[in-house]
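Here is the structure we will look at, set down as structure tokens.
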Amino acid sequence: AQKVTQAQTEISVVEKEDVTLDCVYETRDTTYYLFWYKQPPSGELVFLIRRNSFDEQNEISGRYSWNFQKSTSSFNFTITASQVVDSAVYFCALSEWTYGQNFVFGPGTRLSVLP
Amino acid sequence: EAGVAQSPRYKIIEKRQSVAFWCNPISGHATLYWYQQILGQGPKLLIQFQNNGVVDDSQLPKDRFSAERLKGVDSTLKIQPAKLEDSAVYLCASNKGEGGAYNEQFFGPGTRLTVL
């Protein structure tokens with residue numbers, strides 16, 4: 001069965017520090033999609049990125065970057081020069097293709113960026 | 001473009017009572033999801049609709065939870081009777097097209113349920 005692990009429950013950094021959020025997944029499928037979502041204190045989940053299993057290119061969007069490595073089943077998320085507004089809970093999620101559209105979220109990592 | 005709407009935002013009930021939540025997805029979005037998010041955990045998918053039909057309800061506790069999607073638009077999630085462990089935030093999400101769970105999902109603000 002599919003599974004998403006985010007080993008870091010909580011992380012605190014000081015503003016302008018870089019921080020990496022880890023995500024490790026398990027799947028029996030060869031075709032799958034990985035996602036990151038942000039949940040700020042307001043509670044509404046916001047989509048950040050989607051990656052399919054055939055695209056291992058790293059991606060950078062402003063201060064955000066993602067490192068996808070199939071060899072280690074990881075999809076890590078790095079925030080460069082963190083800001084207070086980055087404080088939120090971040091969820092990694094997985095959707096399999098072959099075995100139905102099962103969508104599974106990880107337990108989340110709470111990031112606190114201190115001024 | 002209006003986002004996903006949910007109501008009520010908060011609900012407090014006593015155990016064994018019934019409760020219903022309403023969701024209006026983004027216009028034109030064929031797929032609608034209900035999630036349960038218990039405090040400190042990631043959202044858990046309860047049910048997924050594609051237009052009027054159910055795609056996945058494998059994690060819906062069918063002895064007490066029910067959901068419907070009228071005319072492929074609005075959806076209602078009901079709990080009857082509620083238990084203490086149902087205290088959670090119930091999130092509704094939607095997305096468009098046939099891609100379903102492979103596409104970005106747009107989430108509503110959620111309904112926070114407290115069962116006393």
Side-chain angles (χ1 to χ4, degrees), chain A residues 1-10 21-25 27 29-55 59 61 75 88-111, chain B residues 1-10 23 25-26 29-51 53-60 88-113:
Chain A
Q2 67 203 113
K3 184 179 178 181
V4 176
T5 302
Q6 296 178 255
Q8 305 148 308
T9 305
E10 293 192 38
L21 310 182
D22 297 333
C23 172
V24 174
Y25 61 92
T27 178
D29 210 338
T30 56
T31 303
Y32 52 89
Y33 290 79
L34 294 162
F35 303 78
W36 276 95
Y37 281 83
K38 174 182 180 180
Q39 189 172 41
S42 62
E44 205 156 321
L45 280 149
V46 177
F47 168 84
L48 296 177
I49 190 171
R50 179 189 71 172
R51 252 304 171 259
N52 73 54
S53 52
F54 298 107
D55 183 2
E59 179 152 341
S61 176
F75 185 43
V89 181
Y90 291 86
F91 293 97
C92 182
L94 166 69
S95 180
E96 294 179 329
W97 176 269
T98 307
Y99 300 101
Q101 297 182 19
N102 304 307
F103 198 87
V104 173
F105 278 91
T109 297
R110 180 178 297 277
L111 174 65
Chain B
E1 180 182 67
V4 176
Q6 290 187 248
S7 67
R9 292 295 312 276
Y10 305 90
C23 173
I26 292 174
H29 280 194
T31 309
L32 184 147
Y33 310 79
W34 282 103
Y35 290 88
Q36 179 192 59
Q37 187 176 20
I38 293 172
L39 186 64
Q41 298 182 17
K44 182 181 85 171
L45 179 66
L46 293 176
I47 189 166
Q48 177 184 344
F49 292 96
Q50 180 87 19
N51 296 309
V54 175
V55 173
D56 180 9
D57 64 356
S58 57
Q59 297 195 89
L60 187 72
V89 176
Y90 291 84
L91 297 166
C92 180
S94 70
N95 59 14
K96 57 184 175 182
E98 297 293 324
Y102 317 121
N103 293 329
E104 169 188 359
Q105 295 181 40
F106 295 84
F107 283 82
T111 296
R112 183 177 298 277
L113 174 67

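Chain A is the first sequence line, chain B the second, and so forth, proteins listed ahead of strands; every chain is numbered from 1. Keep in mind that what you see is a predicted model, and the values were worked out from it rather than measured.
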Taking atom CZ of A:Arg50 as the centre, does the number of heavy atoms from other residues, nucleotides or ligands within less than 6.0 Å exceed 12?
yes

Would you indicate whether A:Arg51, at its atom CZ, is surrounded by more than 12 heavy atoms from other residues, nucleotides or ligands within a distance under 6.0 Å?
yes

Do you know which of B:Pro43, B:Gly42, B:Pro109 has the most heavy-atom pairs with chain A at a distance under 4.5 angstrom?
B:Pro43

Heavy-atom cut-off 4.5 Å, strictly under: side chain, backbone, both or neither for B:Gln59 against chain A?
neither

Can you tell which part of A:Gln39 gets under 4.5 Å to a heavy atom of chain B, answering side chain, backbone, both or neither?
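Side chain only.
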
Give, for atom [atom1] of [X] and atom [atom2] of [Y], the distance between the pair rounded to the nearest 0.5 Å.
X	Y	atom1	atom2	answer
B:Asn103	A:Tyr33	CG	OH	8.0 Å
B:Glu104	A:Phe35	CD	CZ	9.0 Å
B:Gln105	A:Phe47	CD	CZ	10.0 Å

By ring pair (Phe, Tyr, Trp, His ring centres under 6.0 Å), B:Phe107 pairs with (sequence neighbours left out) A:Tyr37, B:Tyr35

